Each structure stands twice: as structure tokens, then as C-alpha cells.
Amino acid sequence: MARNAHYDILFEPVKIGPVTAPNRFFQVPHASGMTNSMPRMRAGFREMKAEGGWGVVCTGYVSIHPSADDTPLPMAKLWDDADIRSHAMMTDAVHRHGSLAGVELFHGGGMVMNRTSRIAPMSPSGIGWMPPYANFMSHLRPRAMTRDDIADIRRWQADAARRAKDAGFDIVYVYGGMGYLPHQFLLPDFNRREDEYGGSVENRARFLRELLDVTRDAVGPDVAVATRISLEQLRARPGTVAETEAHEVIDILSDHVDLFDVKMDSGPIDCPPSRFRPEGSHEPVIDFVKRVTDKPVVGVGRFTSPDTMVGQVKRGVLDLIGAARPSIADPFLPNKIRNGHEDEIRECIGCNMCIASWHDGVPVRCTQNPSAGEEWRRGWHPERIAPKGLSDHVLIVGGGPAGLEAALSLGRRGYQVTVADAAAEFGGRLRFEAGLPGLRQWHRVIDYRLGRLSQMANVSLYTESNMDEEGILEFGADRVAVATGSRWLPDLMAVSETPGDLPRGPRVYTPSDIADGAEIEGPVAVFDYDNYYMGSAIAEYLRLKGKDVTYVSPAGHVSTWSIMSNDLPTVQERLLDRGVALRLLTRVTGFNGDTLQLADFMGGRPSDIACRSLVIIGRRQASDGLATALNARPDDLAAAGIRSVEAIGDAHAPGSIVHAVYFGRAYAEGLDGRSHADYRYDGPVLPDGLDGPVAARTTPNMRAVS
Ligand code: ADP
Ligand code: SF4
């Protein structure tokens, strides 16, 4: 199909200093969780985006020195010449497709805890980050940097930049945002220095400017120099010679960079879940940059619509359309627009499971794209899959995320596929969940798959088709996947932190009951020991229906796991704004239909509140009954010509949608083929001579830093 001429502008080359991006699609640096310890997986992950048409593909943040040690968060490094080969795998892979490779050199200053290197962290004035979340806390405070420290960091930056050039990168960044060291110099909250690095904007920008200059000197004339800079707080501070300090900083740095990559100040705002912020939410903060500089500007906004992208360029907001999440969800987004197939874009849903995987310290996972991170080790491709094996016809019972992903992947393999769902519409759990406040975009998981499936001649889709054992035996498929989901159970939580007794009173519900249409009488308590989005979403949903709602959780925060997905800082505020009462660090111990008995989670001190209904968001049980029953009838299966019956998705193991989609893909990959439990092992590229258990080598550029 021909490309829509309106989108031609997105395929114009853009000059970035001495290099030229072949188009405006720019995969900005984002962590992949793979680091130097999984260099082949990393190269495979980034290469897929180059293959899919991204003109620039960057690797994740790369530490310049052991004093910038962000562990256990998975950072890459260029501490040593021995690290070069590991990164060269990625640049070679990206260059194979004619794309530019970028690297974001990083020093975290007082934002990193140096947990592995055990070097005292440094910051401009000895001020560190004091997050109230255990995963990010440390008890070691940074020391104030001396001029010698500043000189050291310039040197380390130059060394790392030279290594980046040797590794084949075309664009080398200085990371000046997100509270990392150069950003700490820019912000008076962190920078209370009285020397030439503190005070005026010009002084506070000096450190970043110097890092850019040493980078330029180190990489020479053929490599572009970029900075990624956070502008939220700077934009809120009035300037002395321009409108705001952000305007002044961009102006000061403009002659020292080839590219500005502009963003917000903190993860939850910079990379917010779609539950709380829409596409393009950065614009009010970054819209001025192009008016101040003539250097190209890249920025993000979870852009998936080509019309929005064209608007950003035509309105003079951005020159390059930056993406992290949309490029994970669909590495082939640019090529789909290029070829006139924009309706086939697998749009990011903004769930932030990808970010949660970084916080977990593991390779990236994506709800929409189950092949993300599996390109090299499992050989999965987001658009292609191996042709079918011996089997012919697969019946999939259940058309939720798992069933539809299995159907899509099996359909692509060339099997005859039938999906039967009991409900009037496909979608499974998302029929209900995408209707909860803020979760509408999650329905893209279903929309994308149904859109593709409806075009496939070898796939038949049936709704209102409740399947039982006899119906499946009679159907005539030779393989059966049971994707019938799971149900929430109304157990309370025992002292042992395992599911406990059932409450005895009436009007006890679960999310499954509400999805089935249960009417809830207020006042209602929502007891959440699942700790992800469901508890807070149900509490907000019921509150919006006018009920008096109390949210109860044994955790210390609302939806406490959602610190991993960047929801947590907003979610509690949202419930309070809506008028939901909170009882945190509290367990429900009983309910009689009028009174809810509670106990402090730690000490057990009892209390109670009046309420008429209780909704329990605790554990789920796989609805795998069909698979279990059929597998207990091997003779009947053999007589029916059915070679296997397998539970997949939540019916296999209840989880988040990311897990269901992954299991759907794994089933399709494994049919007549290799099990997903069987994958290639990646390992670090070791320095020469460092292949035994004992190494005498030290990092050569270490000064004695206390
Ligand atoms: P997953 O997340 O694993 O995809 P979901 O709970 O989202 O699971 O979807 C399960 C789907 O299975 C639902 O749409 C439900 O209507 C359907 N389903 C459950 N039991 C049957 C059955 N016996 N026959 C057909 N469809 C069923
Ligand atoms: Fe988007 Fe979710 Fe995939 Fe991240 S995990 S890229 S937020 S769909």
C-alpha cells in the first residue's frame, strides 16, 4: 500500500551535527535491563528497532565510572576499554540497517548509591536524593564534590566518550536530566555551591557545558554530541535574562551540542502510565526549546499516532519523534507508516510493565509485544514467526489477551485456527478492566489482535460460543488451547500473609463478581492485598458511582507494587482527591454485613468500621477446569484426534496481562516446536585474560576516591 503523503515529512532526513538521521523516528535511550551482562540480547533487541525503521537507535544509559553505580538497577557501562566490544555488537547490529546508533553516557552523582562499587556517592553540595520508597533508599549520603572531583568526572566522561566512539556510536550523549549529576548542578535544591559552579544559571550550567566540551574533544569531528536534559523545574523558575531558567540553559548550551533531547524531571511524570497522563503530555514544558536553539530537538510523549507526530513537527515542537515505549511495543512502527500500514501499528497501552522490568532488574517485558527481549535468546520476531509444523487445526477456547495472542501467532504460522468465546464480545478480562477509570487504552491489546485476526482467512472467530468437554471433543481440532482465564477469590488474608478464611457475612464480592454485574451497596470497603492496580481502580470506580469507599490494605501505600510501574506517586493522591478513605497497614479480619473488623497489620490492634459491602482483591485461581477434565480422558481425546489440551494465559497461571500475552505467544511458538523453557544463554564479553574465576585486573581509570 502507498504511504499517505501527509506522513512524508516523517521520512525526511535530519542532520545532527556531523551525522544524518535517515528519518525522524528516534528511539531515545531507554533501559533494556540487559546491560553489559547480556550483550547479544541487547544487540538483538536494538537491532529489531533498526530493522523496523527507526532512524536512530540508542542503547540504554551507560555509566562512565564505578562512582556512577546504579545497581541493582540494570545499567550498562563503559568503564574500561574491555567494555567496548560488548557495545560494538549493538552498534554493528544497528548499522546493518542503515540507522544511527546513540549512547547516553551517565553519571548519577548523589542519585546513585554505589551499592556494588562501595565508593562514596558525590553530588555538587553533598545533597542526595531522599526517596520515601524502600527500593530506592540508601543510608549512605553523598559527599560534596571538590574541584578535583569535577576534573575527574570530566576526565572519566572523556574516556568513556572515546570508548563510545571506538565502539561505533554515532551520537554520544551527556545525560543532563532526571536528577543525575549534571542536572544536580543545574538545580539549586542540589547545588548550593559558592564557587564558579553554583549560583547563577551560567555557573550552574558550567559543569554540563564542560562535559559536553570534553565529549566533543574526545569523539572528534565525525560523531555528534547530544544532551538529554530535564526541563520541568528549570521552566518553573523565572530567568534573569530570559523568560525562564530553562530558556537560559538551552541558550547557554546551544553552541555546545548537536542535539537536544528534552524531557521531564522524574520517572512518574516523564514516563507516566496512561492511567494518569495522555499522549504528548510533555509539550507544555518542552514546547519552547526550538524557539531558543537552531539545533535539532527530540522529545517523547508515547506517540503512536502518525498524525500527532506530523503535528509535532509541523507546529515546531520537535524535529525528531522520540520514542521509548512505542518502539518497544512496536519496533516496526516507522516501517508500518512508511508502507501505508499505520492501521497495523501495535500501539503501546501505557501500562509501564517495561519500566517495571527495569525496576525489577531484568530484561525488558512488554504487554503488547511479547517478543521484546526475546529476539536473540528465543529467536522471536515481532512480525514474523516460523511456519506451521505437523498439526493442522487449533481450537482456542477463550478470546482474552492469551487466546487472541495465541490465535494471532498460530494464524501467522499458517495453522487453521478457531477461537470460541462464551461472551458476546472478545476481550476477556479487558471487557471489564478497560472500563475502569483511566484504563481505556489497555483495550488496545484486544483491538490490535482482533484487527489483524479479522484479516486472516485461516482464522475463524466465534463469540457467544460456550464450549464444554463434549463440544471440544466433537469439534474436530487436533490441538486445543484452553484460554479461559481466572477468577478472583474472596479469601481474606491470614496472619501468615497467605490467603486465609472466607468472610462469613453477606455482600462479599470480588472483581470477578463486579465484572459479572454485581451491584454494590455502600458504604463499601475495598480490601486489597493484590497490591497492583485492581484494588485502587475498583475503589475509584465505586467512588465514581457515588459509593462511600474505604480502601484497606496491609501495605503501606495504595497499590504498593505500582511503584514499579510509576503509578504509585499518583495513585494515592487520586484516591484522596476522589474522597476515598484510606486504612493502610491494616488487615481485614472479619465482616458480618454491617461491621468490618480490622487489625493493624504489624501489631494486630483491632478496630472496626461500619460498612455494608466488602470487595476483596486478593488472589486469583486459574479457570483450568476444561483442560484438567479433558486431560483426564485420554481415550476420548485419542478417539477425537486431539493430540494435546493445554491451559494457557491466566488459565495456566494467573498474572498480569503481560504474562497472559507472553504465554499465548509461547504456546504458539512451542506448538510442534521448541518449548519456551528452552532458550539461549547470554553472557558478558570478558576482557582478554579474564575468563577464569580469579582476576587481578583493576579498573584502570580509578583515582583513589574515598
Ligand atoms: P487471559 O488473560 O488468560 O486471556 P481472560 O480472563 O482475559 O484470560 O479471558 C478468558 C476468556 O475465556 C473470557 O473472555 C471468557 O469469556 C472465555 N471463556 C471462559 N470459559 C469459556 C468457555 N467454557 N467457553 C468459551 N469461552 C470461555
Ligand atoms: Fe507500552 Fe506497556 Fe509495552 Fe511498556 S509494557 S511499551 S507501556 S505496552
Side-chain angles (χ1 to χ4, degrees), residues 30 32 271-275 279 302 304 323-331 333 346-358 364-373 382 395-407 418-434 441-446 448-449 462-472 475 480-488 511-512 515-516 564-567 620-627 629-630 647-664 667:
H30 72 82
S32 68
C271 207
S274 61
R275 186 175 173 187
E279 185 174 349
R302 205 166 46 78
T304 56
R325 292 176 290 174
S327 73
I328 301 172
D330 196 343
L333 180 150
R346 194 169 39 241
E347 292 183 294
C348 167
I349 70 168
C351 62
N352 282 358
M353 273 297 166
C354 47
I355 290 160
S357 46
W358 176 57
V364 66
R365 306 174 285 238
C366 173
T367 299
Q368 273 285 53
N369 174 14
S371 69
L395 170 65
I396 298 172
V397 183
L404 294 183
E405 171 59 29
T418 302
V419 187
D421 198 292
E425 282 173 23
F426 289 110
R429 57 192 284 183
L430 281 165
R431 283 194 300 273
F432 169 65
E433 292 182 23
Q441 289 200 353
W442 289 24
H443 207 271
R444 290 172 166 184
V445 171
I446 303 303
Y448 164 72
R449 288 170 177 79
Y462 298 98
T463 51
E464 297 180 317
S465 301
N466 188 39
M467 301 298 290
D468 58 14
E469 288 173 55
E470 302 314 317
I472 292 171
F475 184 77
V480 177
V482 174
T484 45
S486 64
R487 278 194 77 82
W488 294 87
S512 301
D516 289 345
M564 310 300 270
S565 56
N566 284 352
D567 294 73
R620 283 187 288 154
Q621 188 173 51
S623 301
D624 57 357
L626 275 176
L630 285 166
I648 64 170
D650 288 326
H652 173 56
S656 297
I657 299 164
V658 67
H659 303 114
V661 172
Y662 172 80
F663 284 123
Y667 174 75

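Each ligand, and each atom within it, is numbered from 1 in the order the structure gives. This is a predicted model, so every value here is computed, not measured.
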C351 N/O/S atom closer than 2.8 Å to atom 4 (Fe) of ligand 2: no
Distance (rounded to the nearest 0.5 Å) between S656 OG and R365 CZ: 8.5 Å
A323 to S327 - nearest heavy-atom pair and separation: O-OG, 3.8 Å
Protein contact of atom 18 (N) of ligand 1 - nearest heavy atom, named by residue and atom, plus distance: T484 CG2, 3.9 Å
Atom 25 (C) of ligand 1: nearest protein contact (heavy atom, Å): A422 N, 3.2 Å
Atom indices of ligand 2, in the order listed, that fall short of 4.0 Å to a heavy atom of G350: 1 (Fe), 7 (S)
Beyond-backbone contact of N369 with R346, side-chain heavy atoms, under 4.5 angstrom: yes
Heavy-atom nearest option to atom 3 (O) of ligand 1, drawn from V397, D421, D650: D650
Nearest-contact summary for atom 8 (O) of ligand 1 - protein heavy atom, Å: G485 CA, 3.3 Å
Any S465 heavy atom less than 4.0 Å to ligand 1: yes
Ligand-residue contact atoms, ligand 1 with A660, heavy atoms, under 4.0 Å: 2 (O), 3 (O)
Protein residue, atom and distance nearest to atom 10 (C) of ligand 1, heavy-atom basis: A483 O, 3.2 Å
Nearest-0.5 Å distance, SG of residue C348 to CZ of residue R444: 7.0 Å
Nearest-contact summary for atom 8 (S) of ligand 2 - protein heavy atom, Å: I349 N, 3.4 Å
Backbone or side-chain N or O of A402 under 3.5 Å from ligand 1 N or O: yes
Residue pair H30 / C354, side-chain heavy-atom distance below 4.5 Å: no
M353: numbered ligand 2 atoms lying under 4.0 Å from its heavy atoms: 5 (S)
Atom 23 (N) of ligand 1 [closest protein heavy-atom partner, distance rounded to 0.1 Å]: M467 O, 3.0 Å
A420 neighbourhood, listing ligand 1 atoms whose heavy-atom distance to it stays under 4.0 Å: 25 (C), 26 (N)
Close side-chain approach of E469 and L626, heavy atoms under 4.5 Å: yes
Protein heavy-atom partner closest to atom 5 (P) of ligand 1 - residue, atom, separation in Å: R429 N, 3.6 Å
Side-chain heavy atoms of W442 within contact of S274, under 4.5 Å: yes
Main-chain N/O of T463 paired with S465 side-chain donor or acceptor, under 3.5 Å: yes
Contacting atoms of ligand 2, where contact means under 4.0 angstrom from a heavy atom of T367: 3 (Fe), 5 (S)
Distance filter under 4.0 Å to G649 heavy atoms, resulting ligand 1 atoms: 3 (O)
Gap between atom CG of L404 and atom CG of L430 - 0.5 Å precision: 9.5 Å
P401 side chain reached by I446 side chain, heavy atoms, under 4.5 Å: yes
Residue portion contacting ligand 1 (non-hydrogen atoms closer than 4.0 Å) for P401: both
Short side-chain to backbone donor-acceptor contact, Q368 and E347, under 3.5 Å: yes
Spacing of CD1 belonging to I648 relative to OG1 belonging to T484, to within rounding of 0.5 Å: 9.5 Å
Nearest-neighbour protein heavy atom for atom 7 (S) of ligand 2, which is reported as residue plus atom name and distance: N352 N, 3.1 Å
Flag, side chain of R620 to backbone of G655, donor-acceptor distance under 3.5 Å: yes
Sub-4.0 Å atoms of ligand 1 with respect to non-hydrogen atoms of N466: 22 (C), 23 (N), 24 (N)
L395 side chain near V397 side chain, heavy-atom distance below 4.5 Å: yes
E405 heavy atom under 4.0 Å from ligand 1: no
P511, S623, P654 screened by side-chain contact (heavy atoms from CB on, under 4.5 Å) with R487, the one that passes: S623
Distance from atom 9 (O) of ligand 1 to nearest protein heavy atom, with residue and atom: G428 CA, 3.4 Å
Those atoms of ligand 1 less than 4.0 Å from some heavy atom in L626: 23 (N)
Top protein contact for atom 5 (S) of ligand 2, by heavy-atom distance: C354 N, 3.3 Å
Main-chain N/O of S565 paired with N352 side-chain donor or acceptor, under 3.5 Å: yes
Nearest protein heavy atom with distance in Å, relative to atom 6 (S) of ligand 2: R325 O, 3.3 Å
Identity and distance of the protein heavy atom lying nearest atom 3 (Fe) of ligand 2: C366 SG, 2.3 Å
N/O/S atom of C348 inside 2.8 Å of atom 1 (Fe) of ligand 2, strictly under: yes
